Amino acid sequence: MYQRIEEVNSEDSVGKKVKVRGWIYRKRRSGKIVFIIVRDSTGIVQSIVEKNSVSNDDFKSAVKAGIESSVIVEGIVEKDERSPTGYEIKTTSFNVVSYAEPFPITEYQSDELLMNLRHLWLRSRKMTAIMKIRDTVFKGFHEFLRGEGFYEVHCPMFVSTAVEGGSTLFEVPYFGRKVYLTQSSQFYLETMIFSLEKVYTVAPSFRAEKSRTRRHLTEYWHGEAEAAWFSNEDMMKLEERMIEHIVELVIRERKNELDILGRDVESLKNVQAPFERIRYDKIVDIATEIGIDMEYGEDLGADEEREITKRFNAPVFITHFPAEIKPFYHRPDPENPSVVLCHDMLAPEGYGEIIGGGERIYEIEVLRKRLADEGWKEEDYYWYVDLRKYGSVPHAGFGLGMDRAVMWIAGLDHIKYAIPYPRTIRRVTP
Ligand code: NSS
């Protein structure tokens, strides 16, 4: 029986015999004592290996084993204020499962090297904390939508149509034909609302993003939902409660990890529904006020979003974008068809867009016209158009950039820290 290190670091374990397994995190020797900090997935604890308390062979192993060697440690738990966690193991047996070669990562390393050694860098305290927060963000997403009666479904990654415009499509050779990697599962989700009404998926989306920014990946994780009978406003109401739920869950379950990252938790506590809704034309005014050169009809860039969101301490929705800067599927506002019934959710503290969503066109004539206006061939989208022939209904949906949500909630300054193996224009290894 092995104990988890988390259990060892507790009052209940004091005086008890324990056995843990893990990896050497830090090590130092002072004459006849070797101080070894062992980590497992639950935390770290110091093992004191004294020459007189273990066999000769065990002491030699402790002296020889370097950082990241895998080990099994047995001993009695004692309290000691000098040890990093306040508890330590007075070791009676020290076994090495596998000796590590000298670990190539030391304290100060270039980002490039850390990215090349990502498979090893993932063991760091910081990356471990981020991965645990990421896990909780995904858990919160699933938990919330299932709680709202959404069915989880799965859509193809090889597709034959663009969703978000042609410029970021990845082409893949496919048995002598060309297909694409999906930009979004939205259209497939739309097909499933006619039976399940409320559906969601979490899957990769692919974008051939040529720009290098702090928040763009070429392969990112996309949490998307679609619901029959929902309006743009209904969807926003769902999303703000969902984001509130995810953030609350992270604050509750990942306090330790947020601390490790130095995340300001107070600002996360401001994330409470309802979020402010601002129409796009108002944003143009705000941008002008703060000295950003932005004209009506331009999309918000990262700089504009950063400046705007710095002024808010909770997420905000931007609604009613001009139709010409949004993809063809958005439903025009019946009161003013030059704008569409959509929304972007921008995260505060300069993080910017994390969600894009809105109502979809459900009238077949309007859809045909928008497809034609944008130069798409109806035959390529025949199945999407078909949905408007057989009992079409008003509906809405959204897509949440999961990695962007992690980046914001964990307080990271680049999206590449939010995902284990970031894919960007320059990097596909390891
Ligand atoms: O292009 S989006 O704004 N919208 C869609 O794809 C819709 N079809 C989603 C839907 O309604 N089902 O992308 C949605 C979100 C966006 O707000 C970002 O948070 C994220 O996806 N996103 C990205 N994250 C990381 N890297 C890249 N390149 C990226 N592009 C979008």
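This is a predicted model, so every value here is computed, not measured. When a ligand or atom number is given, it counts from 1 through the structure's own listing order.
Here the two rings, on F321 and H330, have centers that are 6.0 Å apart or farther. Remark: aromatic rings of Y384 and Y329 are distant, center separation not under 6.0 Å.
Using a cut-off of 4.0 Å between Lys/Arg side-chain N and Asp/Glu carboxylate O, E219 and R423 are scored as not salt-bridged. Salt bridge annotation for E233-K237: present, with a cationic side-chain nitrogen under 4.0 angstrom from a carboxylate oxygen.
The protein atom (non-hydrogen) at minimum distance from atom 3 (O) of ligand 1 is E353 OE2, 3.2 Å. Counting protein heavy atoms only, atom 12 (N) of ligand 1 is closest to E224 OE2, 2.7 Å. Annotation: atom 29 (C) of ligand 1 to nearest protein heavy atom, Y220 CE2, 3.4 Å. Regarding atom 19 (O) of ligand 1, its nearest protein heavy-atom neighbour is I354 O, 2.8 Å. The closest protein non-hydrogen atom to atom 15 (C) of ligand 1 is G399 O, 3.6 Å. Regarding atom 28 (N) of ligand 1, its nearest protein heavy-atom neighbour is L217 O, 2.8 Å. For atom 6 (O) of ligand 1, the nearest protein heavy atom (residue, atom name, distance) is R207 NH2, 2.8 Å.
Here Y329 has side-chain heavy atoms under 4.0 Å from ligand 1, and that is the only part of it that gets that close.
Contact annotation: R360 has at least one heavy atom less than 4.0 Å from an atom of ligand 1. At a 4.0 Å cut-off, at least one heavy atom of I355 sits close enough to ligand 1 to count as contact.
Residue E209 has at least one N or O atom closer than 3.5 Å to an N or O atom of ligand 1. Considering both main-chain and side-chain atoms, F398 comes within under 3.5 Å of ligand 1 through a nitrogen or oxygen pair.
Proximity to R215 (heavy-atom distance under 4.0 Å) selects the following atoms of ligand 1: 25 (C), 26 (N). Annotation for ligand 1: atoms under 4.0 Å from non-hydrogen atoms of Q186 are 7 (C), 8 (N), 10 (C), 11 (O), 12 (N).
Distances from atom 5 (C) of ligand 1 to the heavy atoms of R404, H343, E164 show the closest one on E164.
A salt bridge (Lys or Arg N to Asp or Glu O under 4.0 Å) with D344 is found for exactly one of R279, R404, K326, namely K326. Partner of E349 under the salt bridge (Lys or Arg N to Asp or Glu O under 4.0 Å) criterion, chosen from R306, K310, R311, R263: R263.
For the pair A314 and N270, the tightest heavy-atom approach, listed with the atom from each and the gap, is CB-O, 3.4 Å. Contact detail for T182 and P204: the closest heavy-atom pair is CG2-O, 3.9 Å. Scanning both residues, P315 and V271, for their nearest heavy atoms gives CD-CG1, 4.0 Å.
Remark: D293 pairs with no residue by the salt bridge (Lys or Arg N to Asp or Glu O under 4.0 Å) rule, at least two apart or across chains.
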